Amino acid sequence: MNLYNTLTRKVDEIKLLNPPTVTVYTCGPTVYDHAHIGHWFTYIRMDTLIRTLKANGLKTNWVMNITDVGHLTSDADEGEDKLEKGAKREGKTAWEVAAYYTDEFIESMNELNILEPDHIVKATDHINDQVDLIKVLEQKGFTYVISDGVYYDTSKFPRYGDFAKLDIDEQQAGKRVELNPEKKNPTDFALWKLSPKDSKRDMEWDSPWGKGFPGWHIECSAMSMKYLGDTLDIHCGGIDHIPVHHTNEIAQSEAASGKPFANHWMHSNHVMVDNQKISKSLDNGITLEDVKAKGYTPLDLRLHVLESNYRSQSKFSWESLASAKQRLLEIQAMAVLRYQAKPESSDYVSFALSDVPKEVLNMLNNDLNTPSVLAYLSDVVTQLLTVGIEGDMVDHFEDMLAGLDELLGLKLLEIKDIDSDIRELVAKREEARLNKDWEEADKLRQALLDKNVAIEDKATGPQWRWVAVR
RNA sequence: GGCGCCUUGGCGGAGUGGUUACGCAGAGCUCUGCAAAAGCUCGUACACCAGUUCGAUUCUGGUAGGCGCCUCCA
């Protein structure tokens with residue numbers, strides 16, 4: 001498959017180190033607050049990547065980290081630890097905060113039908129791995145110690161900043177944030193932060209350098225290399241990670257191993273709300289709970305994400321979410337045709353059912369072109385809703401739905417049939433209609449609508465669909 | 001100040017050197033007992049100014065506007 005590679009700045013064919021296995025690492029959440037739709041855009045896109053890789057016959061080994069320690073409120077390694085800050089805010093320990101938001105995150109992943117990563121790894125479970133990696137860097141001369149911790153000396157890594165095309169000398173580091181005067185270079189970052197002498201942290205560990213906690217960047221390098229080896233196939237993350245987090249990961253990992261850290265880098269662009277980025281400081285984060293409270297399902301949001309390309313700066317609005325919901329309802333109306341097979345169809349569709357998932361896969365293989373997938377699907381849906389499904393087509397039709405579900409995660413095959421009561425109402429209405437008892441027929445149609453079922457009278461008989469699918 | 005990206009019809013959003021993507025919303029029509037979240041049709045979109053070209057929304061240069069990163073952040 002072809003995928004844009006931040007490393008080369010062009011669409012590359014993905015080359016694997018050990019086919020048919022593909023190793024993927026995704027920078028996961030920092031679990032100190034609710035995830036917002038920006039996170040979900042990113043993780044749904046990662047999920048689409050994984051689904052596409054699997055559909056290509058590859059065996060995925062997917063690692064996602066949970067940052068539950070060490071992520072400071074400033075990437076310049078100043079400020080508070082987010083977990084400790086969250087703990088103060090909520091009157092809990094940092095451990096409790098982390099556990100709460102980790103559980104919530106995983107529950108939301110399930111609701112959004114994001115596949116479960118092969119390994120979900122917590123930073124706090126891998127302190128030793130991180131300490132070991134820092135030791136290696138220390139032995140190789142990439143570190144120095146100052147009063148508040150162990151730092152990586154970026155001047156020792158000549159390629160530092162190449163990945164993000166950073167012109168270090170031109171950066172105005174420190175313009176907006178006070179720099180630690182002990183740091184040798186503005187871009188140097190903490191590998192191990194020492195606990196303050198006058199206070200005890202909820203989370204702290206012993207280390208050769210003293211009691212403290214790991215820097216934010218070291219966890220991804222340590223866990224990635226532990227589970228996936230020195231070099232991995234695809235590293236994913238939000239686009240904001242390019243200049244700092246991923247730049248630092250590369251510096252640490254490649255300095256330690258002497259090998260390329262990742263062959264392919266995929267970055268999800270941001271989603272804008274009211275033409276602005278979602279951020280803590282603007283307090284404009286819409287959560288999955290907010291989405292559900294407005295009457296939308298997690299799958300509505302999922303479809304909305306598929307409507308845009310992961311590389312473009314996308315926009316979120318309630319209006320476009322409503323649009324996505326309508327679009328999904330049409331697709332879902334097609335899916336329940338499998339319960340409504342007819343003796344014969346009035347016409348033919350212009351495609352083979354078995355080709356539909358293949359066609360979708362082709363589009364996904366082209367740099368995850370999900371908008372084109374939906375355009376194509378729209379044609380498929382329209383034709384099938386017009387023509388209907390014949391009895392001997394049901395197996396092929398269900399295979400098609402299964403193929404689409406694997407790729408798009410829309411749970412089309414999980415949509416329930418109407419129960420016997422509703423089926424009876426449908427039959428009664430049709431009977432009344434045939435008897436030209438229009439009043440009764442319309443009454444029954446309304447009764448069905450109250451049960452979220454809409455009826456369309458086709459030449460071949462009534463066809464139902466759900467008007468709200470949970 | 002430095003670096004990078006973007007600008008498509010009311011909204012979202014693909015794509016292409018010459019031929020209507022697609023969806024939502026809107027308008028008209030059709031089927032229908034009436035309907036339909038059904039079907040069909042429509043709006044004659046590609047920021048602006050130059051250049052290259054037989055021909056540019058698509059390439060090049062510039063202008064304007066927006067956004068992102070260099071704080072937090074997916």
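Just so it is clear, the structure is predicted and the values come from calculations on it, not from any experiment. Throughout, a chain's letter reflects where its sequence line sits, starting with A, and its residues are numbered from 1.
Of all nucleotides present, only B/C11 satisfies the Watson-Crick or G-U wobble test against B/G23, with each distance under 3.5 Å. Using the Watson-Crick or G-U wobble rule with both distances under 3.5 Å, B/C34 pairs with nothing in any strand shown. B/C3 is paired with B/G68 under the criterion used here, namely a Watson-Crick or G-U wobble arrangement in which both key atom distances are under 3.5 Å. Summarising the base pairing, B/A45 is matched to no nucleotide, lacking a Watson-Crick or G-U wobble pair whose two defining distances lie under 3.5 Å. With a 3.5 Å ceiling on both atom-pair distances, the Watson-Crick or G-U wobble partner of B/C40 is B/G28.
Contact between the side-chain N/O atoms of A/Ser317 and the OP1/OP2 oxygens of B/C24 is not found at any separation under 4.0 Å. Close to B/C11, at under 4.0 Å from its OP1 or OP2, lies no side-chain N or O of A/Ser320. Of the side-chain N and O atoms in A/Lys315, one or more sit less than 4.0 angstrom from OP1 or OP2 of B/G12. Between A/Asn309 and B/A14 there is no side-chain polar atom (N or O) within less than 4.0 angstrom of OP1 or OP2.
Contacts of A/Tyr4 classified as ring pair (Phe, Tyr, Trp, His ring centres under 6.0 Å), with partners at least two apart in sequence or in another chain: none. Residues that satisfy the side-chain hydrogen bond (donor to acceptor under 3.5 Å, both in side chains) test with A/Lys325, not counting sequence neighbours, are A/Asp300.
Of the charged side-chain nitrogens involved, none lies within less than 4.0 Å of a carboxylate oxygen, so that A/Arg159 and A/Asp162 do not count as a salt-bridged pair.
Across all strands, A/Glu456 comes closer than 4.0 Å to base atoms (heavy-atom distances). Counting non-hydrogen atoms under 4.0 angstrom, A/Glu330 reaches the backbone sugars and phosphates but no base. Nucleic acid contact class of A/Arg429 (heavy atoms, under 4.0 Å, all strands): base. Nucleic acid contact class of A/Ile37 (heavy atoms, under 4.0 Å, all strands): none. Among the protein residues, A/Arg445 comes within range of the nucleic acid bases, having at least one heavy atom under 4.0 Å from a base atom. Looking at heavy-atom distances under 4.0 Å, A/His267 makes no contact with the nucleic acid at all. Residue contacts for A/Asp379: at a heavy-atom cut-off of 4.0 Å it reaches no nucleic acid atom on any strand shown. Within the 4.0 angstrom heavy-atom criterion, no nucleotide atom of any strand lies near A/Ile242. A/Lys325 comes within 4.0 angstrom of nothing in the nucleic acid, heavy atoms only. Across all strands, A/Ser268 comes closer than 4.0 Å to no nucleic acid atom at all (heavy-atom distances).
Taking atom C1' in both B/U60 and B/G23, one finds a spacing of 34 Å when rounded to whole Å.
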### Query
Taking it one step at a time, do A/His246 and A/His267 satisfy ring-ring contact (aromatic ring centres under 6.0 Å, His included)?
CA-CA 10 Å; A/His246 289 167; A/His267 289 100; 4.9 Å; yes
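Contact of A/Asp457 with B/C34 (side chain to base): a donor-acceptor pair of N or O atoms is detected under 3.5 Å.
Checked by atom type, the side-chain pair A/Gln130/A/His126 shows no donor-acceptor distance below 3.5 Å.
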